[in-house]
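Notes for the one structure printed next.
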Amino acid sequence: MKTEDIDTMLYDYFDRSVRQQPELIHPRFASVPAPSREPVILFGLKFAAALMLTVLFLSLPADMMQRSALGEKVDKVIASQELKDDFNNLLRKAEELLSLDIARKGGR
Amino acid sequence: MEDIQRRLRTFILTGRGSQEELFEEIYRSFTGRVRLYIQLRLPGRPDQCDDLTQTVFYKVYTRLSRYNPFYSLSTWIFSIAHNTLVDHIRTERRTSARQMDEPALIDNAVSHYGEPPEQLIESEAAAIVSNFMEQLSGQDRQIVFLRFYEGIPVERIGRIMDIPAGTVKYRIYSIRRRLKRRMEEENED
């Protein structure tokens with residue numbers, strides 16, 4: 001006896017059993033709310049958002065790098081300008097103090 | 001069958017088609033098969049089999065929009081049927097353990113499958129197969145049903161029943177061999 005014959009006999013056995021199954025009354029799930037389409041819509045929205053983010057991510061890096069390099073330069077310039085201003089202020093104050101001292105000595 | 005799956009895929013992805021009609025078709029196509037799958041594990045309890053079958057289709061109905069259209073429909077439905085059945089058996093076990101006066105339902109125990117109607121025994125070979133099936137465990141009957149009647153691949157049967165594919169493969173091999181031997185013995189007599 002071949003394996004295929006065994007398989008066929010098993011199939012036939014279940015075929016008879018399935019045909020023997022009683023007809024079940026169709027359940028009317030009238031009180032059950034119809035499954036919402038929300039999961040599908042949510043999936044679509046998430047997919048679209050992910051796609052947009054990917055496109056943005058792929059297109060932005062070069063630009064962002066340039067921006068950050070420029071920003072560093074600006075920061076440096078500002079920092080050096082602030083130092084210069086502080087130095088000038090100090091200088092001005094020193095000059096003022098010096099001139100006041102001279103004036104005081106001259107008055108004496 | 002493929003047509004239902006294709007239309008269900010279209011419905012899930014595009015929203016085209018009537019969900020009620022699709023469910024009607026799924027119900028018509030699967031109800032007998034799902035009921036038999038349950039009956040193989042719960043022989044001689046027609047009312048429970050009916051109730052569980054209805055529960056399975058209630059779940060199918062309410063979860064239809066969550067069905068992954070790229071997954072086999074029969075695997076999905078039989079997975080729901082299997083989980084529903086396992087939940088039922090667990091609940092029954094807990095209840096019977098509490099009551100202590102009823103024997104617990106044992107999964108793999110050799111159980112009586114119920115007498116097949118006379119008219120179904122069409123030949124001697126069919127009678128031998130029926131007798132052989134009665135002696136198998138409920139789980140083995142389900143494996144044979146999914147493999148030989150539903151034509152579901154071994155790996156997917158493993159997923160449905162939550163057992164390793166290797167176990168399914170071995171059991172199928174063992175069942176085939178035993179039935180073959182039985183047939184040969186009967187022919188010799």
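In what follows, chains are A, B, ... by sequence order, proteins preceding strands, each numbered from 1.
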B:Thr53 side, atom OG1; B:Ile38 side, atom CD1 - distance, nearest 0.5 Å: 4.0 Å
Contact listing (chain A partner; residues 172-183 of chain B; heavy atom under 4.5 Å): B:Arg176, B:Leu179, B:Lys180, B:Met183
Ring pair (Phe, Tyr, Trp, His ring centres under 6.0 Å) involving A:Tyr11 - partner list, sequence neighbours excluded: B:Tyr149
A:Asn89 atom CG, neighbour heavy-atom count above 12 within 6.0 Å: yes
Under 3.5 Å side-chain donor-acceptor pair for B:Arg66 and B:Thr62: no
Chain B contact via A:Asp7 - which portion, at a heavy-atom distance below 4.5 Å: both
Connected via hydrophobic side-chain network under 4.5 Å: B:Leu40 and B:Ile163: yes
Check: B:Gln5 side chain, B:Tyr71 main-chain N or O, donor-acceptor pair, under 3.5 Å: yes
